[in-house]
Amino acid sequence: MSTKRLAILVGGGPAPGINGVIGSVTIAARKRGLEVVGVYDGFKWISSSSFDPAVHTVPLDISRVSRIHLEGGSILRTARDSLIKGGTIDEAKVANVRKVMESLNVGYLVTIGGDDTAFSASIVARAMEGRLFVAHVPKTIDNDLPLPGDMPTFGFQTAREVATGIVKNLMEDARTTNRWYFVVIMGRSAGHLALGTGKAAGATLTIIPEEFGNRKVRVEDVCDIIEAAMIKRKALGRDDGIAIVAEGVALKFGDVEEIERILGKSIPRDPHGHVRLAEVPLGELLKNEITRRFEERGKKITVVTKDVGYELRCAPPIPFDIEYTRDLGYGAVEYLLSGSYSEEMKRKGAMISILNGKLNPIPFDEIMDPVTGRTRVRTVDITSYAYQVARSYMIRLEKEDLENPEFVASMAKAANMDVESFTKRFGHLVS
């Protein structure tokens, strides 16, 4: 048996399939004769001076992990601690990690996490100068990492399935009770999860940040899209619906005063005085404004808001993610231990991916932005066929709607407006 050990740690937020990676890495490594040690809470303890191997690590063997691939969560837990402080590398933390790895006799490290964990993993690879090889398995339910071949990040498909089930139930509740639901779905940088859920469930409409490009928008602009869809839906004979909004839409808002006026309260600021837009209650914001608009026109509506995100992260993985994480975990060990990859490449460390059904390790220096230290973000391509299909099935105000005099009159009546006022109010959405 090799004197070197293999360590596994998990960083960032949870995602379905983490245990699948832990299990597959452990089994593959043990079969190759390596001892495997699990590290609790990501980089939190191994980067601190209070690390205690008896408390912060656990030996892993095949019997311990043989069925964990069926479970959600992480048997090693997870934490968001990184080796970065104030935008720069924290050398004291790096030194602690190096000391721990050497004391545990770790020669191979598998990290599971997002872009922050990947960056910390690349720092460890450089700091160890070839005495430790690092493989990073990327995860996020947001699906916003630029994996080759348009492969999803593990956990995304499970998260989408669970979210779709939630939305399907809300759709039936909306139909039964004649109400609208505004569902805000997790996805800070990209709208993949919101769009994938809306498309799968058949939601009335889905709004993602990518459709606004690089420009800032007003709350009013987003409300116009939803309000016009609600009016059109009414003209088509339905008083109910589901509007899905990706949480990243809040980061597009540029008018803080408008937000505070609608909410009727101030938005939290950080210690530097910057607005924490991530803490904006997006569903409440949209509900308040749209409810006010309908009331001003003498119309009463019932809108219920629902945030969907945390329910998805520790769900038991579906078979797709179980199989996928087994491939990724095996691939991490294959990259670290086989002779198929050069010593120079292993010294740099790599992110594990699958391309055309084959293992495809990507060196860290090819995926990291040298300025931000993060991987590039994969956003929804709104020119793609997949998006065009999703968009075509949404109920939104379209140009042809305003070119049909009979239907315009029907929508204006549903809105309690005259045709000229309706066209003037919402015409900009199709211009």
Side-chain angles (χ1 to χ4, degrees), residues 170 174 179-189 191 194 203-234 239-309 395-397 411-412 414-418 420-431:
L170 294 178
R179 65 176 57 176
W180 272 80
Y181 278 92
F182 293 171
V183 182
V184 178
I185 292 186
M186 191 171 281
R188 179 179 176 84
S189 301
T204 314
L205 75 158
T206 302
I207 301 176
I208 60 175
E210 289 88 341
E211 62 187 86
F212 302 109
N214 295 322
R215 71 182 188 276
K216 291 290 185 181
V217 298
R218 300 170 300 169
V219 177
E220 181 179 338
D221 299 324
V222 178
C223 288
D224 285 349
I225 296 172
I226 299 175
E227 183 185 16
M230 295 172 74
I231 294 170
K232 179 176 177 178
R233 178 86 155 166
K234 174 69 173 177
D239 291 319
D240 63 288
I242 299 278
I244 293 178
V245 185
E247 68 173 350
V249 168
L251 299 180
K252 289 289 183 180
F253 296 149
D255 189 342
V256 178
E257 287 72 22
E258 179 195 23
I259 297 172
E260 292 181 327
R261 174 185 60 77
I262 295 170
L263 289 176
K265 59 184 178 183
S266 61
I267 302 172
R269 264 72 168 176
D270 64 19
H272 303 285
H274 301 134
V275 172
R276 296 185 184 274
L277 282 180
E279 296 184 20
V280 172
L282 182 56
E284 179 187 351
L285 183 68
L286 300 175
K287 172 186 174 179
N288 288 358
E289 174 62 11
I290 289 178
T291 300
R292 180 192 64 79
R293 293 180 180 192
F294 273 78
E295 289 176 349
E296 284 185 350
R297 296 197 306 271
K299 294 288 185 176
K300 183 178 180 181
I301 58 167
T302 300
V303 176
V304 178
T305 63
K306 171 68 175 175
D307 288 340
V308 175
I395 292 182
R396 293 198 187 193
L397 187 67
M411 289 190 291
N416 202 20
M417 300 170 71
D418 59 62
E420 182 180 357
S421 298
F422 179 85
T423 302
K424 182 178 181 181
R425 178 70 183 81
F426 296 106
H428 71 94
L429 293 175
V430 300
S431 62

Do you know which two heavy atoms are closest between D240 and R233, and how far apart they sit? O-NE, 2.6 Å

Between CD1 on residue I185 and NZ on residue K306, distance to nearest 0.5 Å: 10.5 Å

Taking all atoms of both residues into account, what is the closest heavy-atom pair of A194 and A246, and its distance? CB-CB, 3.7 Å

When every non-hydrogen atom of I208 is compared with those of V249, the smallest separation belongs to C-CG2, 3.8 Å

Under the side chain to side chain contact (heavy atoms under 4.5 Å, CB included) test, residues paired with K300 that sit two or more places apart: none

Partners passing salt bridge (charged side-chain N to carboxylate O under 4.0 Å, His left out) against R297 (at least two apart in sequence or in another chain): E227

Quick check on side-chain contact (heavy atoms from CB on, under 4.5 Å): which of I207, T204, V183, V308 does I244 satisfy it with? V183

Kindly say whether R396 contributes a backbone atom to a donor-acceptor pair with the side chain of K232 at under 3.5 angstrom? yes

Atom CH2 in W180, atom OG1 in T305: separation rounded to 0.5 Å? 14.5 Å

If you round to the nearest 0.5 Å, how far is NZ of K252 from NZ of K216? 7.0 Å

Heavy-atom donor-acceptor pair, R188 side chain to E247 backbone, under 3.5 Å: no

Pairwise side-chain hydrogen bond (donor to acceptor under 3.5 Å, both in side chains) hits with a residue in residues 420-431, at least two apart: D224-R425, D224-H428, D418-S421

Does R179 have any salt bridge (charged side-chain N to carboxylate O under 4.0 Å, His left out) partners at least two apart in sequence or in another chain, and if so, which? none

List for me each residue that meets side chain to side chain contact (heavy atoms under 4.5 Å, CB included) alongside A229, sequence neighbours excluded, and say none if there are none. L205

Nearest 0.5 Å, please: how far is CG in L285 from CZ in F182? 11.0 Å

Listed partners of D307 passing side chain to side chain contact (heavy atoms under 4.5 Å, CB included), at least two apart: V184

Rounded to the nearest 0.5 Å, what separation is found between the CD1 atom of I231 and the CD1 atom of I226? 12.0 Å

State which residues pass salt bridge (charged side-chain N to carboxylate O under 4.0 Å, His left out) with D239; sequence neighbours excluded, sorted by chain then number. K234

Residues V222 and F212: closest non-hydrogen pair is CG2-CZ, 4.0 Å

Closest non-hydrogen atom pair, A250 against L282: N-CD2, 4.2 Å

Taken in chain and number order and not counting sequence neighbours, the residues that satisfy ring-ring contact (aromatic ring centres under 6.0 Å, His included) with F422 are F426

Nearest 0.5 Å please: distance from the CZ atom of F294 over to the CD1 atom of I301. 4.5 Å

Going by the rule salt bridge (charged side-chain N to carboxylate O under 4.0 Å, His left out), which residues pair with E296 if we only count those two or more places apart in sequence or in a different chain? R292

Residues two or more places apart in sequence or in another chain: which of them pass side chain to side chain contact (heavy atoms under 4.5 Å, CB included) with E258? R218, V219, E220, D255, R261, I262

